[in-house]
Amino acid sequence: MTPPSPSPAPFSPWRLSVAPMMDWTDRHCRYLHRLLSRHTLLYTEMVNAGGILYGGTERHLRYNAEEHPVALQLGGNEPDKLAEAARLGVQWGYDEVNLNCGCPSDRVQRGAFGASLMKAPAQVADCVKAMRDAVGDAVPVTVKHRIGIDQVEEYAFVRDFVGTVAEAGCRVFIVHARNAWLQGLSPKENREIPPLRYEVVHRLKAEFPQLTIAINGGIRTDAVVHEQLAQLDGVMIGREAYHNPWWLTGWDAAFFGDTRGPDLTRESVEEAMVAYMEREAAAHGTGWYAIARHMLGLRNGLPGARRWRQVWSDHRLKDTPPREVMALARAHAPAADAGTDADSDVGRAGTPPIAATAA
């Protein structure tokens, strides 16, 4: 089983997307997500523009052809470097280039990009203009940002940021509906402590109706997606999509009106990922362990899910062929249609390996 080729849908490309997430949404994760949804827009994790230019273009830009539609998210603050990285992204076939103005991590702040760029809207406008000049009309150049910085909650701050960057030609803004606190909070805390203020994003759309405005932050159910799509042009889902990937299997029908998707089961997706692991090992020497980590939530909520995850995350099995690992994992998990039980927590870090599986 391979991911179906996306077909045109009568909706905005930004109607539903999976957020760029550092160390998570690599090409292996995106391959899994494309197995589950034909139309959802997928984003790379943030890639530093300098890394693309000086750290190995192929290593940073390689992706699977099945991933389309797929967007490249860039980090940086120098217009010339961002322009060249965007041009390379178009050469490699990405469908969009996005500028990160929302990441609050200390490392990103030390580079004076990410969320800290919201303090310099004119600089962001220069970056966007340079990127647009480099790619022309080939792909859209978009911006992902927060609604504010630190404890500054005045609407005028984000309004002026969007207005200034829009003047440089940006027509798509993906808005994480929380402030970014640049001091005192970790990236994880920045996703939880600053309050969600969806009404700010709604106000942006009302004031800039000509722009495409998508919302991100804390969205975990179909009902909330529908509520936001009634007022905005798109919804971006982050960690819930990663931890509960099976949710994606309903998106094409629920949000794109496409009921033509394949008759998926968790077992068929697991088998498709094993075939992918085998191809990756043959083509690039990639170990299955680097791929399997992205599918640990596939059986979330089902009987045997914890034991199944333990097998697929057992580092002692990393030299075992993935088909043998799959057989071991399935020995601990009943068929996925057997119902649910209390074994529904997403056991990740700290889950002990299964001694019997390593024998």
Just how far is it from atom CG of Leu88 to atom CG of Leu53, taken to the nearest 0.5 Å?
6.5 Å
How are the rings of Trp24 and His243 set relative to one another: parallel (under 30°), tilted (30 to 60°) or perpendicular (over 60°)?
perpendicular
Please answer whether the main-chain N or O of [Y] pairs with a side-chain N or O of [X] as donor and acceptor at a distance below 3.5 Å.
| X | Y | value |
| --- | --- | --- |
| Ser17 | Ala19 | no |
| Asp252 | His39 | yes |
| Tyr289 | Ser313 | yes |
| Ser268 | Thr265 | yes |
| Arg178 | Pro194 | yes |
| Asp160 | Gly163 | no |

In chain order, what residues pass the salt bridge (charged side-chain N to carboxylate O under 4.0 Å, His left out) check against [X], with sequence neighbours excluded?
| X | answer |
| --- | --- |
| Arg197 | none |
| Arg171 | none |
| Asp233 | Lys205 |
| Arg62 | Glu58 |

Would you tabulate the side-chain donor-acceptor contacts of residues 140-148 under 3.5 Å, counting partners in other chains and residues two or more places apart, or write 'none'?
unit_1	atom_1	unit_2	atom_2	d
Thr142	OG1	Glu96	OE2	2.5
Thr142	OG1	Asn98	ND2	2.7
Lys144	NZ	Asn216	OD1	3.1
Arg146	NE	Gly102	O	3.2
Arg146	NH1	Asn179	O	3.0
Arg146	NH1	Asn190	O	3.3

Who are the side chain to side chain donor-acceptor pair (under 3.5 Å) partners of Thr249, not counting sequence neighbours?
none
Only counting residues at least two apart or in another chain, list the ones meeting side chain to side chain donor-acceptor pair (under 3.5 Å) with Arg191.
none
For [X] against [Y], the heavy-atom pair lying closest together:
| X | Y | result |
| --- | --- | --- |
| Trp288 | Thr320 | NE1-O, 2.9 Å |
| Phe208 | Arg159 | CZ-O, 3.7 Å |
| Arg330 | Trp308 | N-CD1, 4.4 Å |
| Thr57 | Ile52 | OG1-O, 2.9 Å |
| Ala86 | Val97 | CB-CG1, 4.0 Å |

For Arg299 and Glu267, run salt bridge (Lys or Arg N to Asp or Glu O under 4.0 Å): C-alpha distance rounded to whole Å, both residues' side-chain angles, the deciding distance at 0.1 Å, then the answer.
CA-CA 9 Å; Arg299 296 183 60 91; Glu267 287 77 15; 3.4 Å; yes
Does the distance from a Lys or Arg side-chain N to an Asp or Glu carboxylate O, for [X] and [Y], drop under 4.0 Å?
| X | Y | value |
| --- | --- | --- |
| Arg323 | Glu271 | no |
| Lys81 | Glu84 | no |
| Arg27 | Glu66 | no |
| Asp150 | Lys119 | no |

Let me check something: any side-chain donor-acceptor pairs from residues 218-228 under 3.5 Å, sequence neighbours excluded? List them with distances.
unit_1	atom_1	unit_2	atom_2	d
Thr221	OG1	Val224	N	3.2
Asp222	OD1	Trp247	NE1	2.7
Gln228	OE1	His202	NE2	2.8

Among side-chain atoms of Glu189 and Trp181, is any donor-acceptor pair under 3.5 angstrom?
no
Glu207 side chain to Tyr155 side chain, donor-acceptor N/O pair below 3.5 angstrom:
yes
Using the six-membered ring of Tyr276, assess whether NZ or CZ of Arg279 lies under 6.0 Å from its centre and within 45 degrees of the ring axis.
no
Are Lys188 and Glu192 close enough, and set up right, to give a salt bridge (Lys or Arg N to Asp or Glu O under 4.0 Å), and what steps lead you there?
CA-CA 7 Å; Lys188 179 178 185 297; Glu192 299 170 350; 3.0 Å; yes
What pairs of donor and acceptor atoms, side-chain ones from residues 126-133 against any protein atom, are under 3.5 angstrom apart with sequence neighbours left out?
unit_1	atom_1	unit_2	atom_2	d
Lys129	NZ	Asp133	OD2	3.0
Arg132	NE	Gly169	O	3.3

Of all residues at least two apart in sequence or in a different chain, which pass the ring pair (Phe, Tyr, Trp, His ring centres under 6.0 Å) check with [X]?
| X | answer |
| --- | --- |
| Tyr63 | His68, Tyr94 |
| His60 | none |
| His294 | Tyr242 |

Under the criterion salt bridge (Lys or Arg N to Asp or Glu O under 4.0 Å), I'd like the reasoning laid out for Glu67 against Arg34: C-alpha separation, chi angles, the key distance, then a yes or no.
CA-CA 6 Å; Glu67 293 173 35; Arg34 183 58 69 216; over 6 Å; no
Applying side-chain hydrogen bond (donor to acceptor under 3.5 Å, both in side chains) between Gln73 and each of Thr44, Thr25, Asn100, report the one that passes.
Asn100
